[in-house]
Amino acid sequence: MTQSVSPARRSNFLTDIIDADLAAGRHTKVVTRFPPEPNGYLHIGHSKSILLNFGLAEQYHGVCHLRMDDTNPVAEDIDYVRSIQHDVEWLGGKWDGEVRFASDYFPRMYELAERLVQEGKAYVDSQDVEEMRKNRGDFGRHGVNSQYRERSIAENLDLLRRMKAGEFADGSHVLRAKIDMTHPNILMRDPLIYRIRHAHHHRSGDTWCIYPMYDYAHPLEDAIEGITHSICTLEFETNRELYDWFLDQTGPWQTRPRQYEFARLALGYTVMSKRKLLQLVQDKRVSGWDDPRMPTVAGMRRRGVTPEALRDFADRIGVAKNNSLVDIGKLEFSIRQDLEKQCPRALAVLKPLTVTLTNWPDDMVQQLDLPWWPNDQSKGTRKVPFSKHLYIDRDDFSADPPADWRRLAVGREVRLQGAYFVRCDGVERNPQGEVTGLRCSVDLHSRGGEAQDGRQPAATLHWVDARHSLAAEVRLYDRLFSVELPDGEGDFLQHLNSDSLQLVQARIEPALAEGPERVQFVRVGYFFRDAKDSQPGAPVWNQTISLKDSWTKTAQPARGAKAKAAAPATQPAAPATDWAALVAGNPILQALQTRYNLEVSALGRLAHDPARLAFFAAAVEVASDGPLTLRLVQNDLAGALAGAAISSLPFDAKAFGRVVADIAAGKLSPGSAKQLLPAWVKRGGDADSLVAELGLGAGVQGDALSEALANVLHAHAAEVARYRQGEIKLLAVLLGILMRQAKGCDPQAARSALLAQLQS
RNA sequence: UGGGGGAUCGUCUAAUGGCAGGACCGCAGACUCUGAAUCUGCUUAUCUAGGUUCGAAUCCUAGUCCCCCAGCCA
């Protein structure tokens with residue numbers, strides 16, 4: 001609980017953004033937040049978000065707030081607040097200051113709502129739910145204005161105050177932002193700000209009977225707290241426009257938060273929505289929120305998963321914007337790796353099979369000293385009793401062993417870990433013919449597990465003493481659902497794995513009565529003592545995860561070997577546009593085509609973009625070289641614009657045309673032009689001086705080029721050698737280095753000079 | 001149908017015009033008092049089609065596929 005979230009430097013698209021913000025001086029300190037709604041338990045998807053937000057804050061020496069987003073009193077509960085706090089803490093999240101509550105900001109939010117009304121940016125609507133839905137329109141249809149949209153400011157203010165005073169029934173009025181009912185983003189069609197709810201709030205009590213909506217409350221909460229980077233999941237991308245709108249209308253804010261979205265965690269063979277998890281709990285499909293099969297933080301904790309494992313998992317899956325489904329095997333790997341390092345080893349037999357040592361004295365009991373850590377004897381030992389009657393696991397004996405069987409069978413010898421070599425001489429069977437016990441002889445000179453003649457058995461088995469071992473309930477868990485995507489079609493409950501819990505009456509070594517709570521049962525798996533259900537004398541152990549098993553698995557079909565969907569090798573080509581006809585049908589294009597001898601397909605594309613066409617026409621007037629101008633406008637300039645409108649350019653078409661003319665005349669290489677354009681677009685000004693400043697115009701050639709080439713070859717001898725050994729891709733690398741040194745050189749000349757040197 | 005996002009090994013994720021890298025999974029071998037762990041090696045990817053460039057996963061154009069949005073939930 002004292003560990004930090006992650007000291008390791010991590011890099012993803014969010015750190016790129018933060019780096020840029022810090023570098024540009026937009027922020028001097030990073031403030032993030034984790035804002036759960038207290039209406040359910042946290043799950044592993046939240047843990048990704050927690051680790052991200054707290055991790056980012058720590059990485060940048062900033063802070064992270066824990067804030068309960070409690071704006072809807074009907075769903076929320078104080079018990080959830082407690083569990084969330086506990087889980088975040090357990091994961092290692094150290095929040096700045098006290099836990100915060102959105103409800104503490106209700107007064108401020110209300111003030112700002114009155115301000116919006118005063119400024120004519122919000123109004124009280126009195127349509128009912130049905131009407132409002134109908135008038136909102138849909139994806140293909142604009143919304144229409146409410147008949148109440150033009151109420152006077154005075155009336156709106158009066159109504160809002162009476163809403164707040166509790167004069168109206170739930171649902172009779174709402175406060176809405178006055179934006180645009182025809183906005184293509186439906187969220188912007190006069191979104192709701194406040195709704196009436198005569199409900200008791202777990203924190204503010206009965207003070208309020210109007211409660212703010214998420215889209216209004218959340219940006220304000222962030223701004224009030226001075227959050228710099230408000231990180232949420234992808235489904236809120238559409239909400240960002242509204243987030244910005246509310247902040248812009250309620251500002252100015254000292255720190256202006258920005259919202260960024262990442263892909264939430266989706267895991268195979270489980271469900272992640274709070275609604276579905278709640279249903280599993282309410283329908284008693286599981287024992288509770290902390291059932292060890294649940295993907296909740298509480299469930300995983302009870303199962304024996306550690307925060308370190310979850311942190312490792314989060315680091316491995318990374319943070320990005322792709323919709324992804326993470327293989328559950330990845331989580332299992334992180335759990336195993338973590339437990340492998342931190343679990344002492346103990347002996348437990350899950351499916352006991354009696355072994356009688358025929359040549360062992362009836363009453364002799366030996367107390368063997370076995371190390372908790374077989375690979376590190378210095379970490380202590382415990383006493384393990386050994387006598388005439390033992391248990392081994394049923395799965396470790398075969399009456400009819402397959403060819404590659406290495407364990408016990410009649411006539412074969414194995415080692416009992418840390419104890420003796422035993423040989424199976426015979427089996428006892430019940431009337432049904434089932435094996436009920438084994439008769440074995442022990443090599444009395446192999447105490448400690450080493451035979452005097454140095455022979456090595458094919459296998460080492462785990463075991464416990466029959467009389468001196470303890471009975472224990474062991475709970476084995478499998479994935480909760482039998483299909484990878486239970487959310488898919490139909491009711492997710494029908495995909496529940498009926499064998500997800502298996503109760504086993506096991507025998508465990510006596511030292512476990514008091515020993516460590518988290519152990520590896522040798523050759524079985526990692527187990528965690530269940531603190532809730534264990535009773536004195538009746539211990540319960542939860543299987544956190546089994547050991548990897550590369551032996552029994554060979555008999556089963558390989559996991560994760562999904563056949564790639566058979567897709568056609570190539571997509572059908574897009575319907576071809578008849579560019580020639582398009583150009584012929586447009587007098588302006590036709591004239592340009594004739595005058596400058598342009599490719600119709602390249603020219604035709606300008607038909608869709610009049611601003612670009614006008615720019616081109618003006619530029620080519622100056623540059624004369626039509627094809628070159630067109631290429632530069634269509635590719636390089638468009639790239640430098642990065643989606644911005646051509647009208648936002650800080651230079652005009654004529655200036656651009658002069659640069660093109662320089663390129664055509666050989667005064668500037670195309671490569672240099674490519675470097676020039678982004679800088680020019682960004683800074684504007686005079687192209688010639690920018691060329692000089694960037695050192696692009698010089699055009700290194702002749703002796704200077706040869707000299708640069710010699711330097712490069714000398715400084716990168718290793719790459720040269722690799723090229724000569726056949727790694728021809730190194731040509732591009734070396735050429736790149738050369739081109740950066742010999743600024744403005746002709747690429748063709750540089751390439752052939754380099755090639756000549758490399759091949760000599 | 002409108003808007004907003006996303007496409008890189010089987011899976012997750014890097015590469016910010018210059019050697020497609022890492023991890024999981026899988027396969028093979030070594031080692032082993034856990035058929036575990038550990039160690040070594042190997043297989044496998046830029047959605048499609050054009051274009052620009054000496055050089056494209058990356059820039060341009062057109063397409064294809066996937067996800068999200070029409071709660072007085074968050």
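Chain letters run A, B, ... following the sequence lines, proteins first, then strands; residues in each count from 1.
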Taking the [atom1] atom of each, how far is [N] from [M], in whole Å?
N: B:C59; M: B:G21; atom1: C1'; value: 23 Å
N: B:C27; M: B:C60; atom1: C1'; value: 43 Å
N: B:C66; M: B:U11; atom1: P; value: 16 Å

Counting any heavy atom closer than 4.0 Å, what does [X] reach on the DNA or RNA strands: base, sugar-phosphate only, or nothing?
X: A:M739; result: base
X: A:A638; result: sugar-phosphate
X: A:T71; result: sugar-phosphate
X: A:E261; result: nothing
X: A:R631; result: sugar-phosphate
X: A:E241; result: nothing
X: A:G140; result: base
X: A:R240; result: sugar-phosphate
X: A:E599; result: nothing
X: A:R407; result: base
X: A:F333; result: sugar-phosphate
X: A:L735; result: base
X: A:R751; result: sugar-phosphate

Determine: side-chain N/O of [X] to OP1/OP2 of [N], distance under 4.0 Å, yes or no.
X: A:K548; N: B:G26; result: yes
X: A:S550; N: B:A36; result: yes
X: A:R133; N: B:A70; result: no
X: A:N322; N: B:A7; result: yes
X: A:R195; N: B:C73; result: yes

Between atom [atom1] in [X] and atom [atom2] in [N], what is the gap in whole Å?
X: A:K321; N: B:U13; atom1: NZ; atom2: P; result: 13 Å
X: A:Y260; N: B:C68; atom1: OH; atom2: C1'; result: 20 Å
X: A:E235; N: B:C68; atom1: CD; atom2: P; result: 9 Å
X: A:L242; N: B:C73; atom1: CG; atom2: P; result: 15 Å
X: A:D636; N: B:A56; atom1: CG; atom2: P; result: 14 Å
X: A:L628; N: B:C60; atom1: CG; atom2: C1'; result: 15 Å
X: A:F527; N: B:A36; atom1: CZ; atom2: P; result: 17 Å
X: A:Y211; N: B:A74; atom1: OH; atom2: P; result: 12 Å

(request) Starting from the C-alpha separation in whole Å, work towards a yes-or-no answer on salt bridge (charged side-chain N to carboxylate O under 4.0 Å, His left out) for A:D312 and A:R316. (result) CA-CA 6 Å; A:D312 178 72; A:R316 274 168 204 282; 2.8 Å; yes
(request) Over all heavy atoms of both residues, which pair between A:L731 and A:L754 is shortest? Give the atoms and the distance, please. (result) CD1-CD2, 3.6 Å
Base paired to [N] (Watson-Crick or G-U; both N/O distances under 3.5 angstrom):
N: B:G2; value: B:C69
N: B:G29; value: B:C39
N: B:C12; value: B:G22
N: B:C47; value: B:G63

(request) Answer yes or no: is there an ion pair linking A:D443 with A:R455, defined by an N-O contact shorter than 4.0 Å? (result) yes
(message) Is it the case that the side chain of A:R336 and the backbone of A:S546 share a donor-acceptor pair, with hydrogens and angles ignored and the cut-off at 3.5 Å?
(response) yes
(request) May I ask you to decide if A:T238's main-chain N or O and A:N185's side chain share a donor-acceptor pair within less than 3.5 Å? (result) yes
Once the angle between the rings of [X] and [Y] is folded into 0 to 90°, is it parallel (under 30°), tilted (30 to 60°) or perpendicular (over 60°)?
X: A:F236; Y: A:Y214; result: tilted
X: A:Y243; Y: A:H218; result: tilted
X: A:F34; Y: A:H46; result: perpendicular

(request) Please determine, for the side chain of A:R136, which listed nucleotide (B:C19, B:C72, B:U52) has the closest atom? (result) B:C72
(request) Specify the glycosidic conformation (syn or anti) of B:G21, with syn defined as within 90° of 0. (result) anti
(message) Using the six-membered base ring of B:C73, report whether A:Y214 stacks on it, requiring centroids under 5.5 Å and planes under 30° apart.
(response) no
